[in-house]
Amino acid sequence: MLTKVQWLYCLDEMERMFPDAHCELVHDNPFELLVATLLSAQCTDVLVNKVTKNLFQKYKKPEDYLAVSIEELQTDIRSIGLYRNKAKNIQALSKQLIELYDGEVPPNRDLLTTFPGVGRKTANVVVSVAFDIPAIAVDTHVERVSKRLGLCRWKDSVLQVEETLMKKTPMELWSKTHHQLIFFGRYHCKAQNPNCPECPLLSVCREGKKRMNKIVAQ
DNA sequence: CTCCCGATAT
DNA sequence: ATATCAGGAG
């Protein structure tokens with residue numbers, strides 16, 4: 001397991017690697033971020049941005065998503081994948097926003113998770129990015145990197161990973177650390193072929209040292 | 001646990 | 001051909 005000192009070393013190195021890590025989902029307001037994040041499930045943000053570029057010109061407010069048929073909305077987001085669920089969720093979410101929140105996205109994680117298609121990860125992204133509320137959204141990259149490093153156990157749930165990250169990271173760094181973990185996972189510690197030989201975190205990484213030993217043994 | 005699902009990288 | 005992508009719901 002990583003010690004507190006080793007984790008703080010990782011934070012320092014990731015700051016060197018990705019000093020300007022940020023949310024890469026293009027958006028102009030909390031509602032657009034909510035829709036973009038919902039669309040991003042099991043899909044790259046590059047593809048989400050390609051779709052939302054047109055989508056956000058056509059649909060500005062929750063009412064706009066309810067003014068079209070489900071089939072039309074499906075067609076507008078089809079290239080994203082999982083488009084039937086996502087179209088249904090966007091319309092149901094829009095309806096709930098209008099009826100209960102006057103069309104405004106509530107800046108509260110627990111309220112956000114009551115929306116259809118919005119789980120803890122999506123809610124954490126919205127409160128953190130749109131409202132500057134400290135949170136650590138655990139997506140596939142954050143989970144993989146945390147487990148490879150040995151910050152948490154392989155069997156841990158995403159909620160346990162999030163709790164460990166919050167416990168071991170100073171709260172004022174939560175949002176920045178969250179984005180740096182994503183950049184690190186996306187561009188360096190990739191799911192396929194992680195670049196361990198050139199990794200600044202190799203000296204403290206459980207999985208990295210294991211992989212390097214395998215290479216040396218051959 | 002399974003299902004939803006198209007686009008892209010390997 | 002297969003793995004993976006800013007997951008969530010049943």
Side-chain angles (χ1 to χ4, degrees), chain A residues 14 18 20-27 30-56 70-71 73-97 105 109-131 133-148 154-162 165-166 174-196 207 211:
Chain A
M14 286 194 292
F18 306 107
D20 54 359
H22 61 283
C23 177
E24 296 197 302
L25 293 170
V26 176
H27 63 282
F31 180 57
E32 286 190 353
L33 178 63
L34 179 58
V35 173
T37 311
L38 189 151
L39 290 174
S40 71
Q42 293 294 293
C43 175
T44 61
D45 57 340
V46 173
L47 200 52
V48 172
N49 290 336
K50 204 176 292 182
V51 166
T52 55
K53 184 178 182 183
N54 299 320
L55 195 73
F56 292 162
I70 186 75
E71 291 81 8
L73 184 53
Q74 282 177 9
T75 302
D76 288 336
I77 66 171
R78 202 180 64 83
S79 59
I80 287 291
L82 308 181
Y83 60 90
R84 274 182 267 261
N85 285 336
K86 288 173 182 176
K88 179 158 57 71
N89 286 332
I90 288 173
Q91 287 196 326
L93 168 155
S94 296
K95 189 177 179 189
Q96 189 170 329
L97 259 183
V105 177
R109 189 187 61 205
D110 294 328
L111 288 179
L112 283 169
T113 53
T114 69
F115 286 77
V118 179
R120 190 178 178 92
K121 178 257 162 183
T122 299
N124 274 331
V125 169
V126 172
V127 296
S128 163
V129 174
F131 300 113
I133 297 171
I136 300 179
V138 178
D139 71 343
T140 181
H141 298 297
V142 176
E143 180 180 11
R144 182 181 65 254
V145 169
S146 299
K147 291 183 176 180
R148 278 182 177 167
W154 284 105
K155 305 292 287 184
D156 283 352
S157 66
V158 287
L159 183 58
Q160 286 175 308
V161 175
E162 181 183 330
L165 280 166
M166 290 192 293
W174 285 3
S175 292
K176 174 177 270 189
T177 298
H178 154 66
H179 287 113
Q180 286 174 340
L181 279 169
I182 287 175
F183 271 57
F184 179 62
R186 184 180 293 160
Y187 302 117
H188 191 97
C189 190
K190 293 182 280 192
Q192 301 163 316
N193 301 324
N195 190 2
C196 299
E207 183 68 14
R211 285 170 182 265

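Each chain gets a letter, A, B and so on, in the order its sequence line appears, and its residues count up from 1. Predicted model only: the values in this text are computed from it and were never measured.
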dG10(C) C1' sits how many Å from K88(A) NZ, rounded?
10 Å
Polar side-chain atom of Q74(A) near backbone of R84(A) as donor-acceptor pair, under 3.5 Å:
no
Using a 4.0 Å heavy-atom cut-off across all strands, classify A137(A) as base, sugar-phosphate, or nothing.
nothing
What is the distance, rounded to the nearest whole Å, between atom CD1 of I136(A) and atom P of dA6(C)?
19 Å
P gap between dC5(B) and dG10(C), integer Å:
14 Å
Among side-chain atoms of T37(A) and T122(A), is any donor-acceptor pair under 3.5 angstrom?
no
Considering only heavy atoms from C-beta outward, does the side chain of P194(A) approach that of R148(A) to under 4.5 Å?
yes
Is any side-chain heavy atom of D139(A) less than 4.5 Å from a side-chain heavy atom of I182(A)?
yes
Partner set under side-chain contact (heavy atoms from CB on, under 4.5 Å) for N49(A), not counting sequence neighbours
L25(A), V26(A), T52(A)
For a 4.5 angstrom cut-off between non-hydrogen side-chain atoms, does F115(A) reach L38(A)?
no
Under 3.5 Å, is there a donor-acceptor pair between the side chain of K121(A) and the main chain of T140(A)?
no
dA1(C) versus dC4(B) - spacing of their P atoms, nearest Å
23 Å
Grab the CG-C1' distance between N89(A) and dG8(C) for me, whole Å please.
8 Å
Figure out the CG/P separation between L33(A) and dG7(C), and round it to whole Å.
14 Å
In residues 177-186 of chain A, which ones come under 4.0 Å of DNA chain C, going by heavy atoms?
H178(A), H179(A), I182(A), R186(A)
Closest-nucleotide ordering on DNA chain C, the 5'-leading residue of D45(A) and V118(A)
D45(A)
Check the distance between dG8(C)'s C1' and L39(A)'s CG and give it to me in whole angstrom.
13 Å
Which whole-number value in Å describes the distance from H22(A) NE2 to dA6(C) C1'?
13 Å
Name every residue in residues 138-146 of chain A that has at least one heavy atom under 4.0 Å from any atom of DNA chain B, in order of residue number, or write none if there are no such residues.
none
With a 4.5 Å limit on heavy-atom distance, are the side chains of E207(A) and W154(A) in contact?
yes
Sorted by chain and residue number, the salt bridge (Lys or Arg N to Asp or Glu O under 4.0 Å) partners of R144(A) (sequence neighbours excluded) come out as none
Looking at E143(A), is its backbone amide N or carbonyl O close enough to the side chain of S146(A) to form a donor-acceptor pair, meaning the two atoms are under 3.5 Å apart?
no
Quick check against the 3.5 Å criterion: does T113(A) have a side-chain atom that pairs as donor or acceptor with the backbone of D110(A)?
yes
Report which part of the nucleic acid V158(A) touches: base, sugar-phosphate, or nothing (heavy-atom distance under 4.0 Å, all strands).
nothing
Hey, does the side chain of S40(A) come within less than 4.0 Å of dC5(C)'s phosphate (OP1/OP2), counting only N and O?
no
Rounded distance in Å between the P positions of dC1(B) and dA6(C):
23 Å
Take atom CD of E162(A) and atom P of dG7(C), then tell me their distance rounded to the nearest Å.
14 Å
What side chain to side chain donor-acceptor pair (under 3.5 Å) pairs are there with at least one residue in residues 186-196 of chain A, not counting sequence neighbours?
E24(A)-R186(A), E24(A)-Y187(A), D45(A)-R186(A)
Readout for nucleotides 1-10 of chain B: B = base within 4.0 Å of protein heavy atom, S = sugar-phosphate only, - = neither; 5' to 3' it is ---BBBSS-S
Base, sugar-phosphate or nothing for L38(A)? Non-hydrogen atoms, less than 4.0 Å.
nothing
